[in-house]
Amino acid sequence: GTPIVAFHSYKGGVGRTLSLISLAREISERYGEYKKLLIIDADLEAPGLTWMLGDGEEKGSVSYLDLLSLMHVHSADEGLAEKIAAVIKTSNIVVETERLQVEHYFLPVYRRKDQVFRIFSSPEKVIQSQNNKYIITEFISRIGAALHADLILVDLRAGVTEFSAPFLFDSRVQKFFVSSTSMQSVEGTVQILNEIHEREEYGLRNSKVLLTVIPPEMETGTLIRIEDRLALPLEKEIES
């Protein structure tokens, strides 16, 4: 299917969503209409992409919550992937760069705002019904292939949550863990990285840590200690 790049953070306000948008803009600037993205907002708690890219409006014919519900009650096969892809084709957003305006496919968290208060399904229920712990990432990858998208960008919910787990624990998904220099953000990120390393073989194989919100007055020695702390779980995996 289509490769997936997921952005995750232990806490909000560290620039996770903006990092994803920056990548989408860079791809758009470099390749224009020759590279097509499927951008997915999977952050139910703070759907920033749905607001920023969708202008906060209730629009679109299908949402990420719809996708989970459909997977819960139907076989997540190629046929369903193609049907969902056909609907997503009508949901486009424009990514603006300095010289271009490029259209990409977009899957918002919700079609209507009240969907987030009436969630029918969850990743746990989908995984149980499909009897495959990797079914969500695999199915999204199939949808990307049906769209002929070159890359899928996913903005995950912050923190330790079952809505992010299917992406975090699939080593085939390339992940950017975004952290600020605050102790809470750093230690929370390290905790998540260690958990993935311990639970999944090659769990951090495609993982990178992006350090943001660095105070200009921060001493170099302090910054190096923070970087070393965040890199430790990745080094453990390389050694093992």
Same apolar cluster (I L V M F W Y, side chains within < 4.5 Å links), Phe163/Val160: yes
Heavy-atom donor-acceptor pair, Lys175 side chain to Arg205 backbone, under 3.5 Å: no
Phe120 CZ: over 12 foreign heavy atoms closer than 6.0 Å: yes
Reported CD1-to-CG distance for the pair Ile136 and Asp170, which is rounded to 0.5 angstrom: 10.5 Å
Backbone N/O of Ser182 and side chain of Ser185: donor-acceptor pair under 3.5 Å: no
Neighbour count >12 (heavy atoms, 6.0 Å) for atom CD, Glu219: no
Full working for side chain to side chain contact (heavy atoms under 4.5 Å, CB included) between Ile140 and Ile152: CA-CA 8 Å; Ile140 287 174; Ile152 300 170; 3.9 Å; yes
Heavy-atom closest pair, residues Ile39 and Ala24: CD1-CB, 4.2 Å
Inter-residue atom distance Ser28.OG - Lys36.NZ, 0.5 Å rounding: 9.5 Å
Mutual orientation of the aromatic rings belonging to His8 and Phe177 [parallel < 30°, tilted 30-60°, perpendicular > 60°]: perpendicular
Pairwise side-chain contact, Lys208 with Gln174, heavy-atom cut-off 4.5 Å (strictly under): yes
Closest non-hydrogen atom pair between His74 and Leu80, with its separation: CB-CD2, 4.0 Å
Whether Arg157 side chain and Ala42 backbone form a donor-acceptor pair below 3.5 Å: no
Side chain to side chain, Arg30 and Lys35, heavy atoms closer than 4.5 Å: no
Side chain to side chain contact (heavy atoms under 4.5 Å, CB included) between Ile192 and Leu168, worked out: CA-CA 9 Å; Ile192 291 171; Leu168 300 184; 4.3 Å; yes
Backbone of Ile135 reached by a side-chain donor or acceptor of Gln130 within 3.5 Å: no
Residues Ser121 and Ser69: side-chain donor-acceptor under 3.5 angstrom: no
Arg225 and Thr222: side chain donor to acceptor below 3.5 Å: yes
Option among Ile143, Asp41, Val87, Leu67 that satisfies the side chain to side chain contact (heavy atoms under 4.5 Å, CB included) test with Leu107: Leu67
Electrostatic pair Glu98-Arg25, nearest N-O below 4.0 angstrom: no
Joint cluster assignment, Val95 & Leu37, ILVMFWY side-chain distance < 4.5 Å: yes
Backbone N/O of Ala231 and side chain of Asp228: donor-acceptor pair under 3.5 Å: no
same_hphob_cluster(Ile93, Leu23) at 4.5 Å side-chain heavy-atom cutoff: yes
Interatomic distance, His72 atom NE2 to Gln128 atom CD [nearest 0.5 angstrom]: 8.0 Å
Point-to-point distance, once rounded to the nearest 0.5 Å, from CG of Leu153 to CD1 of Ile4: 10.5 Å
N/O donor-acceptor pair under 3.5 Å between Ser129 side chain and Val126 backbone: yes
From Tyr10 atom OH to Thr189 atom OG1, the distance as rounded to the nearest 0.5 Å: 8.5 Å
Salt bridge Glu187-Lys11, side-chain N to carboxylate O under 4.0 Å: no
ILVMFWY cluster, Ile214 and Val209 together (side-chain gap under 4.5 Å): yes
Pair Ile40-Tyr64, side chain to side chain contact (heavy atoms under 4.5 Å, CB included): steps then yes or no: CA-CA 7 Å; Ile40 300 176; Tyr64 183 65; 3.9 Å; yes
Working for salt bridge (Lys or Arg N to Asp or Glu O under 4.0 Å), residues Glu124 and Lys133: CA-CA 9 Å; Glu124 182 181 10; Lys133 69 177 181 177; over 6 Å; no
Check: Ser207 and Leu234 side chains under 4.5 Å, non-hydrogen atoms: yes
Nearest heavy-atom neighbours spanning Arg142 and Asp77: NH1-CA, 4.3 Å
Charged tip of Arg118 within 45° of Tyr110 ring normal and under 6.0 Å: no
Gap between atom CZ of Phe106 and atom CG of Leu49 - 0.5 Å precision: 5.5 Å
Whether Ser141 side chain and Thr137 backbone form a donor-acceptor pair below 3.5 Å: no
Considering all heavy atoms, the nearest Val173-Asn206 contact: O-CB, 3.7 Å
Closest contact, heavy atoms only, Met71 versus Phe139: SD-CD2, 3.5 Å
Any Val213 side-chain heavy atom under 4.5 Å of Thr181 side chain: no
Side chain to side chain contact (heavy atoms under 4.5 Å, CB included) between Ile119 and Leu44, worked out: CA-CA 10 Å; Ile119 297 176; Leu44 279 75; 3.3 Å; yes
Arg16 (side chain) donor-acceptor with Leu156 (main chain) under 3.5 angstrom: yes
Side-chain heavy-atom pair Phe7, Val154 within 4.5 angstrom cut-off: no
Heavy-atom donor-acceptor pair, Thr2 side chain to Leu151 backbone, under 3.5 Å: no
Any Leu68 side-chain heavy atom under 4.5 Å of Ser122 side chain: no
Residue pair Val190 / Pro233, side-chain heavy-atom distance below 4.5 Å: yes
Expected output: side-chain Asp43 to main-chain Asp155 donor-acceptor under 3.5 Å: no
Minimal non-hydrogen separation, Pro166 against Ile127, with atom names: CG-CD1, 4.5 Å
Same apolar cluster (I L V M F W Y, side chains within < 4.5 Å links), Phe167/Leu65: yes
Beyond-backbone contact of Thr90 with Val62, side-chain heavy atoms, under 4.5 angstrom: no
